[in-house]
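So the structure is just underneath, and the comments pick up after that.
Chain naming here is simple, since letters A, B, ... match the order of the sequence lines and numbering starts at 1 in each.
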Amino acid sequence: ALRERFESIFDRLKGRGKLTEADVDVALRDVRRSLLEADVDYKVVKALLESIRGRAVGKDVLESITPGQQVATIVYEELADLMGTEPSPLAISPKPPSIYLMVGLQGGGKTTSTVKLARRLAGSHRPLVVACDLRRPAAVEQLKILAAQSRVPFYGPEHGEKDVLRVVEGALEYASGHLNDVILLDTAGRLHADEELMEELAAMKRAAPPTEVLLVVDAMTGQEAVKVASAFHERLRLTGVLLSKLDGDARGGAALAIRKATGVPIKFAGVGEGTDALEVFDARRMAQRILG
Amino acid sequence: GLFSGGAIDPEFWDRLEEVLISGDVGAALSQSLVEQLKQAARERRVATTEGLYGLFASILAQRLSEVPLMGRPVEPEKGVLTIVLLVGVNGSGKTTTAGKLACKWAKEGLEVIMAASDTFRAAAAEQLKIWGERSGVRVVAQQQGSDAAAVAFDALAAARSSGADVLIVDTAGRLHSKHNLMEELKKIARILDRERGESKLETLLVLDSVMGQNGLAQAKTFNSALSLSGVVLTKYDNTAKGGIILAIADEMKTPVRYVGLGEGEDDLRPFDVEEFVRALLE
Ligand SMILES: Nc1nc2c(ncn2[C@@H]2O[C@H](COP(=O)(O)OP(=O)(O)OP(=O)(O)O)[C@@H](O)[C@H]2O)c(=O)[nH]1
Ligand SMILES: Nc1nc2c(ncn2[C@@H]2O[C@H](COP(=O)(O)OP(=O)(O)OP(=O)(O)O)[C@@H](O)[C@H]2O)c(=O)[nH]1
Ligand SMILES: [Mg+2]
Ligand SMILES: [Mg+2]
C-alpha cells in the first residue's frame, strides 16, 4: 500500500528538518505510476501531482509521524478533497414529482441502478420506474422483472411504441394518477458521440424537466472517462454520477477524473448485481482504493 | 498531429507516452514502448517525427501480429461442431455478440444453436431469444434461476443430435474477482469440454473497449480459469482506443479475433491490426 511504500522511500529522511523537493519528487513518481495504473486521467494526474508537491515541499518533518506517513496523508487528502468529502444527497423537488433521468454508455448499469435507487427511495417516497429504453432487446422486460422483484411500481411503453417522448408523457400522467412523487426514467445506453441519441435525451429533458440527471459510469472505465462525462455534462448538465460495479477489483480512478473534469458530485456507488447493492459514495474510502 | 514535423525532443517523447496512456495502453507498457522506439530510432538514425510514425506503427503492428490467430475470426466448418463460449464481466456485450455471430453464421448457411446459459440476470434469456428470432436460430433456455451448466449441457446434446455446425454459449456477466462465480463458469467449461467429443471449443473473452487497466486483470483471471482462445473487443465504435489489448497480447499472447462496432446484427468484424494501430496513434 502507498503508506508502506512511502515508508521505505522516506526512511532515510528520519531526523531531517524539512521535506525537500527532491525527496517529494521521488515519492511523486511512485504516486504518478500508481494513479495511472488506477485509470486516473493523465491530465488529472499531472494537476494532482502539482498540488501535492505544493503542499508537501517545505513542510516541517513532524515529531509525531514519519515523513512517509506525512506525505501519504497529504496525497490521500488531495484525492478525497478533489472528489468531495461532503455527502451529496439526491435532490428532491420542492414541487413533486421529482424526476430522475438515468443516462450513460451501453452496459454501464443504468437499468439495475434505476431499480436500486427506487428501492432506496421506497421507504420515504412513492417511486415509479419508467422503461424508456425502447431499443435494447428485452430492456423493458428486464426493468419490469427487476421492479417486480423489488416491489417497486413500474410503467412501460405500449406494445410496439417507438417514441420515448410518448412513454415519458404517459408516465407523467400515470404518476399523477397514482400519486408517485419520484419518477425514475431508465434510458437506452448510448455513445456520447452519437449526436442523434444525445438529442433524444435533450428532448426527454425538455418533456420532463429532471430534478436530477444521473450519469451511470462503470468503475472499470479507463482514460475515456473524462471525455464521456464531459460530453454528457455539456449536453445535459449532469447533477450527479453513480459509479457502478465497485464490488469488483477495479481501482476506479475514473471517479477522480470525472469529478475534476465536470465538477459533478459522485452520489452513489453500485456494489453488486442485487437491487439492494447501493451505497452512498464515500470519497475517503475511494481515495484509499484508488491509491491501492 | 504529434508526428507532423516537430523536433524529436524530450517533450515529444513525453507527449507520445501520453498518447499511449490516454489510449489505455497502461503506464508501464507505454513507457517501455517509447523506450523501444527511442532505441530503434537511434539505430536507424531517424531524425524527424514523420519518420518515427512509420517506425512506431510497425513496432506496434508487429507486436500484435506475432500473436497466433490475431485478427483471425472463428471459422466453423460444416459437419464438425464448433462450440463458441462467450465469457466476460457484466455489461461487456456478450449477449449482443452471441446474436451477431448467430446472424452472421446463419446467413452463411450454417446450422447454429444458441444456449442461454445466463440463468441469473433478469430477462437474459428473453434478450437472447430475440436475437434467436432475428437470426432464425434456435435458442435452448430454461427458467431464470436454473442451473447454467445444465442449460449448456442440454444445448450441447441438442447441437450434437441435430448435427448443428455451431453452438454459441452465452454466459452471465461476472466480475472476475468473484471466486464463486468463476467456479460456476469453470463448471460450465468443464461440462462442455467433457461432452464435446470431436467438437472444437473456442472460448472468447468479451471485453468492452472503454475498459482501463482492469481489462488486463479480467483477461488474466478468465484465462487462468478457462484458457481463452481470443478476445472480442466490443463497443469499438466508441471513442475509446482499447489499448489494453496490447498489454493482453504482450503478457498472455491472447489474440483479438473480432471487434464490435455497434448494436446491430452486422456490427461485428474481424479485428484489424493496421486499423487499430492507426486509430491508437491519431
Ligand atoms: N457486479 C455488479 N454488477 C452490476 C452492477 N450494476 C449493474 N451490474 C450488472 O451489469 C450488467 C449491466 O447492467 P444493466 O443495468 O443492464 O446496464 P445498462 O446500463 O442498463 O445497460 P444498457 O441498457 O444496455 O445500456 C448486468 O449484468 C448487471 O447485473 C454493480 O454494481 N455490480
Ligand atoms: N455501441 C455498441 N454497443 C454495444 C456493442 N456490443 C454490445 N453493445 C451494447 O452494450 C449493452 C450491453 O450488451 P449485452 O450484450 O447485454 O452485454 P452482456 O455482456 O451480455 O451483459 P450481461 O449479460 O449483463 O453481463 C447493450 O446495450 C448492447 O446493445 C458494440 O459493439 N457497440
Ligand atoms: Mg439498460
Ligand atoms: Mg448478457
| field | Under 4.5 Å from any heavy atom of chain A - which part of B/Lys129 | value | neither
| query | Considering only heavy atoms, which portion of A/Lys46 lies under 4.5 Å from any heavy atom of chain B: side chain, backbone, both, or neither? | reply | side chain
| field | Contacting region of A/Leu143 [heavy-atom separation from chain B under 4.5 Å] | value | neither
| query | Does A/Thr262 reach the main-chain N or O of A/Ser230 with its side chain, forming a donor-acceptor pair under 3.5 Å? | reply | no
| Between A/Ser150 and A/Ala147, is there a donor-acceptor pair closer than 3.5 Å when you use the side chain of the first and the backbone of the second? | no
| query | B/Ile130, B/Thr234, B/Leu216: which one forms the most heavy-atom pairs within less than 4.5 Å of chain A? | reply | B/Ile130
| request: Name the member of B/Glu126, B/Lys178, B/Met211 that forms the most heavy-atom pairs with chain A at distances under 4.5 Å. | output: B/Met211
| B/Arg269 atom CZ: more than 12 heavy-atom contacts under 6.0 Å | no
| request: Show your working on salt bridge (charged side-chain N to carboxylate O under 4.0 Å, His left out) between A/Glu279 and A/Arg285 and close with a plain yes or no. | output: CA-CA 12 Å; A/Glu279 291 175 0; A/Arg285 269 180 46 211; 3.5 Å; yes
| note | Residue from B/Gly23, B/Gly243, B/Gly93, B/Ala28 scoring the most non-hydrogen pairs under 4.5 Å with chain A is B/Ala28
| field | A/Asp41 versus chain B, the contacting section by heavy-atom distance below 4.5 Å | value | neither
| query | By a 4.5 Å heavy-atom criterion (distance strictly below it), what part of B/Ala124 contacts chain A: side chain, backbone, both, or neither? | reply | neither
| message | Report which part of A/Glu141 has an atom under 4.5 Å of a heavy atom belonging to chain B: side chain, backbone, both, or neither. | response | both
| said: Taking atom NZ as the centre, does B/Lys187 end up with more than 12 heavy-atom neighbours from other residues, nucleotides or ligands that are less than 6.0 angstrom away? | reply: no
| Between B/Glu263 and chain A, which part of the residue has a heavy atom less than 4.5 Å away: side chain, backbone, both or neither? | side chain
| field | Atom pair CG (B/Asp266) and SG (B/Cys103), whose distance is rounded to the nearest 0.5 Å | value | 7.5 Å
| field | Region of B/Glu17 that comes under 4.5 Å of a non-hydrogen atom in chain A | value | side chain
| request: Heavy-atom distances under 4.5 Å only: say whether A/Arg136 touches chain B with side chain, backbone, both or neither. | output: side chain
| said: Side chains of B/Asn180 and B/Glu184: any donor to acceptor distance under 3.5 Å? | reply: no
| message | Does any backbone or side-chain atom of A/Lys245 lie under 4.5 Å from a heavy atom of chain B? Answer side chain, backbone, both or neither. | response | both
| field | Atom CZ of B/Arg134 with >12 non-hydrogen neighbours under 6.0 angstrom | value | yes
| task | Classify the angle between the aromatic ring planes of B/His176 and B/Phe222 as parallel (below 30°), tilted (30 to 60°) or perpendicular (above 60°). | result | tilted
